[in-house]
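See below for the structure under consideration.
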Amino acid sequence: MGDHLHGGGDLRVDRTESGVDAYGPVRRRAQAISFWLASGVGPVECAGRAGQSIQVLFRYYAEFLAEARKHANNLIEESMRRWERPKGGVLDT
């Protein structure tokens, strides 16, 4: 492979001319944590798998987690609206 870097979401291992992973382990770990969070894995589980404290995870991924929380809130609100709408005298499930 060449000595260039791929975009941030690319998980392929690209190597420099010396054969070293061009991204390095720190960036790979950050990509893995982002992927786990985006997949719906809880922050406590992600922190444990990454060998970090939950405080460190929240510090570095606060914006990402805020977006995930917003998405979760939207899902909950939509579910609540479905439950509140009567359908033929019975709650719509």
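Note that these values count all heavy atoms, side chains included, but never hydrogens, waters or copies made by symmetry. Just so it is clear, the model here is predicted, and its values are computed rather than measured.
- If you chain together hydrophobic residues whose side chains sit under 4.5 Å apart, L37 and L75 never meet in one group.
- If you take CG on N74 and CZ on R69, they are separated by 12.5 Å, rounding to the nearest 0.5 Å.
- Cluster membership check: V41 shares its hydrophobic cluster with V44, using side-chain heavy-atom separations under 4.5 Å among Ile, Leu, Val, Met, Phe, Trp and Tyr.
- The distance from atom SG of C46 to atom CD1 of I33, rounded to the nearest 0.5 Å, is 7.5 Å.
- When Y61, F58, W36 are each tested for a side-chain contact (heavy atoms from CB on, under 4.5 Å) with P43, only one passes: F58.
- Expressed to the nearest 0.5 Å, how far CZ of R27 lies from CD of Q31 amounts to 5.5 Å.
- With values rounded to the nearest 0.5 angstrom, M80 atom CE is found 10.5 Å from N73 atom CG.
- In this structure, E45 CD and L57 CG are separated by 11.5 Å, a value rounded to the nearest 0.5 Å.
- Rounding to the nearest 0.5 Å gives a distance of 10.5 Å between CD of E77 and CD of E84.
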